[in-house]
Protein chains: 2
Amino acid sequence: MPIAADILEALRLELRRGTLILAVLGTLRAEQYGYSLKTRLAEAGVDIDEGALYPMLRRLESQGLLVSEWREEGKRQKRFYRLSADGAGALEQLTAEWRAMNAALNSIIEGGRT
Amino acid sequence: MPIAADILEALRLELRRGTLILAVLGTLRAEQYGYSLKTRLAEAGVDIDEGALYPMLRRLESQGLLVSEWREEGKRQKRFYRLSADGAGALEQLTAEWRAMNAALNSIIEGGRT
DNA sequence: GTACATACTGTGTGGCGCACACTGTATGTG
DNA sequence: CACATACAGTGTGCGCCACACAGTATGTAC
């Protein structure tokens, strides 16, 4: 048999974990409501579960990285989120972190090649 | 005050999480024992705690991605680890995943720029 | 008007894996 | 003999995601 699929799947999930917040923060530079956020992320190739998304939005707002507002649009009440100033700062720092980690991983992965 | 340092630190840790396994698997294409692995990773810019490293090595071995062997070197018993064939396959797939996630994140982060 | 899809926002639980603190032996060195 | 450091662990707590579940509102086909 090939590598057990569930093991690989678990590793994939683990690898995805931290990137979710980065993707959410990056997308919320433009205002979005939950559902449109999920849709946009999916289009970019990032599938996020509602059970992960909504609590994450709450968390980020309680940390002051996001601000939200109930508003009517298209005959519906929706909660709109966007980055706060602190959130923009956090996004910048996390992006820098991400690039640094990328460099480290690339040096490791390319480095060992025969 | 700037963005609370502990919040950012937590986000950084979260972001790092998944990359640890990838860094470990990548480094173990060449045989290493725990301590030298930790040292090598640190040189590449990846600090990993022993409390994370050793259990991870166990886990990866129990999943068949690594093989290990006790051996004496420099008058000391050390446990040497290296990638198994399955591990090499997993590394390849995870690397591909990583690149895909990178592309997705880049499109998100660059994309929104004014 | 009723059945169904889908837009839209949530909650609760389980489990996995990292960080942190701690333990313990062996080797080398002043 | 004291101390550093190489080396390999263990145990606990906590954070966060996946998965399953819940519930309302709008549009549409019949």
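Not measured: the values here are computed from a predicted model. Residue numbers start from 1 in every chain, and the chains themselves are labelled A, B, ... in the order their sequence lines are given, proteins ahead of strands.
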Worksheet item: With distance as the sole test, does A/S84 use its side chain to make a donor-acceptor pair with the main-chain N or O of A/G64 at under 3.5 Å?
Response: yes
Worksheet item: Think B/R16 has a side-chain N or O under 4.0 angstrom from the OP1 or OP2 of C/dA19?
Response: yes
Practice prompt. Measure the distance from CZ on B/R17 to C1' on D/dG15 and round it to the nearest whole Å.
Written response: 8 Å
Worksheet item: Does A/I48 belong to the same Ile/Leu/Val/Met/Phe/Trp/Tyr cluster as B/L11, with side-chain heavy atoms less than 4.5 Å apart forming each link?
Response: yes
Could you list, one pair per line, each protein nitrogen or oxygen that sits under 3.5 Å from a nitrogen or oxygen of nucleotides 5-7 of chain C, together with the distance?
{"unit_1": "C/dA7", "atom_1": "OP2", "unit_2": "A/Y35", "atom_2": "OH", "d": "2.7"}
{"unit_1": "C/dA7", "atom_1": "O5'", "unit_2": "A/Y35", "atom_2": "OH", "d": "3.2"}
{"unit_1": "C/dA7", "atom_1": "N3", "unit_2": "A/R76", "atom_2": "NH1", "d": "3.1"}

Worksheet item: What nucleic acid atoms does B/F80 come within less than 4.0 Å of, heavy atoms only: base, sugar-phosphate, or nothing?
Response: nothing
Worksheet item: 5'-most contact on DNA chain C: A/E73 or B/L20, nearest heavy atom basis?
Response: A/E73
Practice prompt. Measure from CG on B/L22 to P on C/dG17 and round the result to the nearest Å.
Written response: 15 Å
Worksheet item: Testing B/V24, B/L53, B/V46, B/D49 for side chain to side chain contact (heavy atoms under 4.5 Å, CB included) with B/K38, which one passes?
Response: B/L53
Discussion item. Please tell me if A/R58 has a side-chain N or O lying less than 4.0 Å from either OP1 or OP2 of C/dT11.
Written reply: yes
Fill in: Rounded distance in Å - CG (A/D6) to P (C/dC16)
11 Å
Worksheet item: Between atom CZ of B/R12 and atom CD of A/E97, what is the distance when rounded to the nearest 0.5 Å?
Response: 4.0 Å
Discussion item. With a sphere of 6.0 Å drawn around CZ of A/R79, does it hold more than 12 non-hydrogen atoms of other residues, nucleotides or ligands?
Written reply: yes
Discussion item. In this structure, how many angstroms lie between the C1' atom of D/dG13 and the CG atom of B/L13, rounded?
Written reply: 15 Å
Item to complete: Whole angstrom is fine here: how far is it from CZ in A/R12 over to P in C/dC16?
Response: 18 Å
Worksheet item: Would a distance-only check, ignoring hydrogens and angles, find a side-chain to backbone donor-acceptor pair under 3.5 Å from B/R16 to B/D47?
Response: yes
Worksheet item: How close or far is atom P of D/dG11 from atom CZ of B/R59, stated in whole angstroms?
Response: 16 Å
Item to complete: Spell out, as yes or no, whether a donor-acceptor pair under 3.5 Å connects the side chain of B/R76 to the backbone of B/R71.
Response: no
Worksheet item: If you check the B/E14 side chain, which of C/dG17, D/dA18, D/dC16 turns out closest?
Response: D/dC16
Item to complete: Verify the contact: side-chain N or O of A/R71 to OP1 or OP2 of C/dC8, cut-off strictly under 4.0 Å; return yes or no.
Response: no
Practice prompt. Rounded to the nearest angstrom, tell me the gap between atom CD in B/Q32 and atom P in D/dC7.
Written response: 11 Å
Discussion item. Please report the distance, rounded to the nearest Å, between NZ in A/K38 and C1' in D/dA18.
Written reply: 12 Å
Practice prompt. Specify the residues of residues 42-56 of chain A, ordered by number, for which at least one heavy atom lies under 4.0 angstrom from an atom of DNA chain D.
Written response: A/D49, A/G51, A/A52, A/M56
Worksheet entry | Side chain to side chain, B/L37 and B/L57, heavy atoms closer than 4.5 Å | yes
Item to complete: Have a look at B/K75 and say if it touches a base, only the backbone sugar-phosphate, or nothing, with a 4.0 Å heavy-atom cut-off.
Response: sugar-phosphate
Worksheet item: Do any side-chain nitrogens or oxygens of B/R79 fall under 4.0 Å of OP1 or OP2 in D/dG9?
Response: yes
Worksheet item: Are the side chains of B/E31 and B/E69 in touch, meaning some heavy atoms are under 4.5 Å apart?
Response: yes
Item to complete: Hey, can you tell me if A/F80 and A/Y33 have their rings parallel, tilted or perpendicular (30° and 60° cut-offs)?
Response: perpendicular
